[in-house]
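Small disclaimer: the values here were computed from a predicted structure and weren't measured. Heavy atoms only: backbone and side chains are in, while hydrogens, waters and symmetry mates are out.
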Amino acid sequence: MSAVRQGMPGATRVCPHCKATILETASVCPACRHHLRFDSDANAQTAKRFSPLHVEGTIRHPPSDGAWEYSMVLSIKNDRGEEITRQVVGVGALFPGEERTFTLSVEAFEAVGYKAANKGRLRR
């Protein structure tokens, strides 16, 4: 029997360490990286993970301008263009000569116990 929780794909729970909303099937919190339970299939599941989206960009503040303030906003939309969630991920300031690098990465993996035949039934 697998230690991975069986449920609907996309089901969530709260990380007991950092209180972030995470997938119910997670054995490691993607936010704080704390281990949540022993998972004997962790190595096999890690091999099935892939990143369908990875974007990285750097902004550099010119030495001659005044300070800049920034807000990093994350928005997720469904296939109909409706916004599912919008969050401010971080805020800060850049002073002359400073730079910041921002990385967005989406990790994906096959939902355990979910059959392709159920694909059309699940909508958020």
Side-chain angles (χ1 to χ4, degrees):
M1 177 154 214
S2 174
V4 175
R5 295 179 188 206
Q6 300 293 325
M8 289 297 294
T12 61
R13 63 184 170 130
V14 175
C15 172
H17 303 284
C18 69
K19 307 303 181 212
T21 300
I22 61 172
L23 289 170
E24 194 173 84
T25 56
S27 57
V28 176
C29 175
C32 68
R33 298 183 179 151
H34 276 92
H35 288 267
L36 304 171
R37 67 171 171 270
F38 173 75
D39 187 356
S40 61
D41 296 328
N43 290 337
Q45 200 168 37
T46 300
K48 295 177 187 175
R49 291 179 181 267
F50 62 98
S51 182
L53 176 66
H54 183 90
V55 179
E56 184 171 292
T58 300
I59 57 174
R60 192 163 294 141
H61 191 297
S64 60
D65 288 350
W68 292 350
E69 291 184 319
Y70 65 86
S71 297
M72 184 172 178
V73 180
L74 173 68
S75 172
I76 301 174
K77 296 180 180 180
N78 65 16
D79 55 346
R80 296 182 299 274
E82 302 162 340
E83 195 167 68
I84 297 170
T85 188
R86 181 180 180 88
Q87 296 179 355
V88 175
V89 178
V91 297
L94 281 169
F95 295 95
E98 290 185 336
E99 71 178 42
R100 297 286 186 276
T101 300
F102 300 88
T103 303
L104 168 70
S105 181
V106 176
E107 291 183 357
F109 45 91
E110 186 176 337
V112 176
Y114 181 72
K115 302 290 183 212
N118 294 329
K119 183 179 178 188
R121 295 183 190 166
L122 192 66
R123 289 273 183 209
R124 285 201 155 219

Just how far is it from atom [atom1] of [X] to atom [atom2] of [Y], taken to the nearest 0.5 Å?
X: His17; Y: Ile22; atom1: NE2; atom2: CD1; result: 8.5 Å
X: Gln87; Y: Met72; atom1: CD; atom2: CE; result: 11.5 Å
X: Thr12; Y: Leu23; atom1: OG1; atom2: CG; result: 7.5 Å
X: Asn78; Y: Thr85; atom1: CG; atom2: OG1; result: 12.0 Å

Quiz item: Between Ser51 and Glu107, is there a donor-acceptor pair closer than 3.5 Å when you use the side chain of the first and the backbone of the second?
Solution: no
Could you pull out all donor-acceptor pairs under 3.5 Å where a side-chain atom in residues 57-65 meets a protein atom, sequence neighbours excluded?
residue, atom, partner, partner atom, Å
Thr58, OG1, Thr101, OG1, 3.0
Arg60, NE, Glu99, OE1, 2.6
Arg60, NH2, Glu99, OE1, 2.7
His61, NE2, Gly66, O, 2.4

Verify same cluster id: [X], [Y] (apolar side-chain graph, 4.5 Å):
X: Val91; Y: Phe102; answer: no
X: Val88; Y: Ile76; answer: no
X: Val73; Y: Tyr70; answer: no
X: Phe95; Y: Trp68; answer: no

Self-check item: Minimum-distance pair of heavy atoms, taken over all atoms of Ala93 and Arg100
Solution: O-NH2, 3.1 Å
Quiz item: Leu36 and Ala26: which non-hydrogen atoms are nearest, and at how many Å?
Solution: CD1-O, 3.7 Å
Quiz prompt | Those residues that, when tested against Thr103, pass side-chain hydrogen bond (donor to acceptor under 3.5 Å, both in side chains) (two or more places apart) | solution = Glu56
Self-check item: Set of side-chain hydrogen bond (donor to acceptor under 3.5 Å, both in side chains) partners for Thr21, sequence neighbours left out
Solution: none
Quiz item: Do the non-hydrogen side-chain atoms of Phe109 and Thr25 ever get within less than 4.5 Å of each other?
Solution: yes
Quiz item: Under 6.0 Å from the CD atom of Glu98, do we count more than 12 heavy atoms belonging to anything else shown?
Solution: yes
